[in-house]
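The sequence lines fix the lettering, A, B, ..., with proteins before strands; numbering per chain opens at 1.
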Amino acid sequence: VTEVEVKAAYLVNFPRFVEWPEQPARGDTLAICILGKDPFGPALEEALAGQAAGRIRMKARRIARVEQVQECDVLFVGAPADSLWERVKDGARQAGVLTVSDWPGFVLRGGMVEFVLEARRVRFAVNLGAAEESGLRLSSELLKLAVTVRPGG
Amino acid sequence: MSRDQQAESWAVKVAMKDPPQIPGRVQGKRRRFRVAWGMCWVLVWAMAGAAGYGEGAADGLRGLSLEELGKIEVTATNRVPLRLARTPAAVYVITKDDIRRSGATSLPEALRLAPGVHVAQLDAIKRSIGIRGFGSRLSRGVLVVIDGRNVYSPLFAGVFWEMQDTLIEDIERIEVIRGPGATIWGPNAVNGVINVITKKARETKGDLVSTGWGNVQRFLHVRHGGSKGERLHYRVYGKTFGRGPEYHRNGADFDKWVMGQGGFRVDWELKNSDTVTIQGDLYGGTMGESLSVSRAVGVRPVVVNQDSRIAGGNLLARWRHTLRDGSELQVQTYYDRTSREAANFTEHRDTVDFDVMMRKSAAQRHEIVYGAGVRVSAGHIPVVLPTLRFSPAHRNDQLYSMLLQDEIRLFGETKGMYLTLGTKLVRTDFAPFGAQPTVRLLYTTGRHSWWTSVTRALRTPSDVERSFESTGFVAANPPVVSRLLPNREFGSEKLVGYEAGFRHTAGRNFTLDVAMFQNRYDDLLSVEPGTPYTEQTPEARRTVIPYSVGNGLYGFTRGLEVIPDWKPAANWRLTGNYSYLSMRLDRQAWSRDTTTMASTAGSSPRHMWSMHSAIDLPGRLEFSQSYRHVAGLPRFGVPGYHTADARFTWRCCAGMEFSVAGRNLLQPAHPEFGGNPEGLVEVRRRIYGSITWRR
């Protein structure tokens, strides 16, 4: 199993543990967007295909412009994450998007979920404050599994 | 250079008189080893089968909970292949995982993993590393960069491999570009580029101690990494090793090598948009050399086995700044000092380099890189022997370079077409501004990509061609000497390279990378005989047969590299590669060179192939093995060889890791390259155990 396969699996699993402020308004298909370099390749589509029917419907989108973040529910920030994040940060916060990246230090810079590699296992860190600011509610189950949780405020 | 040539022609003579023979007893041993090796492979197949052959990796992830996902151990960090899929060049990346599993303890050993790269040992210390031909002790025409520091020597347009080292555990990856990567990388990147990238300080927190002991080498590596706050990360390391000797038929055993090296790296994230990196190394040691030395002009040379001293250090600072629009600015400067004292040659060199590079996205479609750099290298090469001299003994070499590259997205994105246009302009003291343009086209569907390119590259003249004079002994009575004279007219060697390749991804578990090339070389170095004359000195009157370097050769190289990579099971990876090379060199009608064509073409193998298997076994065990073949080198009378490596690792507990590794297992010793004045030195079978502790 490669790192990206596990990350892709996480990415399609996260929405079950997140409550968006205006979930119904967007219809019933969640958009998982990737900004910047796409590390997943076919792994994300395969993870989506592996989702059992009857759960939340999701689709993957690769976006090129930061304005497109309005159309996303989950945003994965790929490389060069440092510069992209600076540009997309405010828009993502206003749009109430779950932001995810594997850029080290992402949660320290206002990102919500950061993948970290620990002893060859993919885990994640959470910035609860950033999620609350965007009006997202993360379930306690998600927080329990995070390696670190930065509190709100 | 002529020193090398003398030494190497000697080696050829010796080799022809005494063709390599292996006594019957050893041959029997070799057969037993082969049988054992075959059984190893069978065993691996069986184990892999037991461990779940064919079980689709990600299928197993379906329906797993978050908690379960967090417990899955992942294999190699596989960012690389996706980035590769978009590169319109023959790039191969050796990852830290590949290096660890191979058991390599030095840069050249790690480079054996790359296709199209011929790594050969002259003895325990010296290496020849050639990419797509042109293998030589000095790796001419190959640009080597370590963490942004160019380790190319302007003295002879090559690299002293024995002076290039870093902590092997700190290496993040090694990118090997086969073919002219001239645009981005600059001068001397004619046949290829080797780019060594170490981990960020953030990724090497904690302590590491690694020590190994074996029949040919022992080493101790120590590293400590830490951080101050969330933005400042650092590491320091120290290492020492002893190596050699390899197998010498005459028992000379001169190649004993002891080195020590230490260094540090600091990464400081000033703001979100600025990162400063400062790093440096210091090293020193002694290496045993066997050299053919003439104490005076006209005196028969003797072979001297003596320790040479090497030492050096470097300090580099890099600032990376991200602008508001996402553009990236990088400013880098470094200072590098090397010094080398041998029985026939001494060099002290100080290099200062300053480089600015900017990366910018424009109008949605363009990814533009431009930059400029200047390098000043001051060399001091005092005369040690009257027969070998650089004149002047002090000199400053300056190099100015500029680069401009635009990657244009013609259409599509993940599925699309990209055109790359670029050029590098290089000026040195020996060559006016020369353009090195490249055109590259790539079409990708995400899973498959096709690319093609045309590139022009230059190898600018070095001090050896322009200011080196050596006198060789021919006969004592009547006194005759040969003399290699510098040629101040010697110009750049030129290459126009045509390349094409494709990369296919079939499912999750198989990729195939194929690259083909044809290179046209012009104005390659030749050695031109002149008209003999008589020289009268206070001591003697003698006949001199003069030679000088010229640009008299041209030719073609053609070749192919095929690189399959297959994961038959989630815990098993099989990679292979095959490289074919054909070199045809010819001389201009005016050239009277008689030796260089054959010696250049005869120093690179026509075929090379290898297979590597890496398997994770239950109980935190890892087993890796490889098998490789390198065809013979006619120039040195080196026969082709087959050999194998294996490594067994147990990640025990509390950060402890134990491993046993064997290299060159299939024969007690085999020669790989010539260059020693008293015949071929053979590379021994090598077994070593190591213990690594991490905290």
Show your reasoning for whether salt bridge (charged side-chain N to carboxylate O under 4.0 Å, His left out) applies to B:Glu67 and A:Arg123.
CA-CA 9 Å; B:Glu67 192 169 4; A:Arg123 307 289 301 276; over 6 Å; no
Check step by step if side-chain contact (heavy atoms from CB on, under 4.5 Å) holds for A:Val122 and B:Leu69.
CA-CA 8 Å; A:Val122 181; B:Leu69 283 173; over 6 Å; no
Between atom CZ of B:Arg320 and atom OG of A:Ser83, what is the distance when rounded to the nearest 0.5 Å?
11.5 Å
Working to the nearest 0.5 angstrom, can you tell me the gap between A:Tyr10 OH and B:Leu66 CG?
6.5 Å
Tell me if the CZ atom of A:Arg61 is crowded by more than 12 foreign heavy atoms within 6.0 Å.
yes
Kindly check if the number of other-residue, nucleotide or ligand heavy atoms within 6.0 Å of NZ (B:Lys200) is above 12?
no
Heavy-atom pairs under 4.5 Å with chain B: which of A:Phe14, A:Phe17, A:Trp85 has the most?
A:Phe17
Would you indicate whether B:Trp450, at its atom CH2, is surrounded by more than 12 heavy atoms from other residues, nucleotides or ligands within a distance under 6.0 Å?
yes
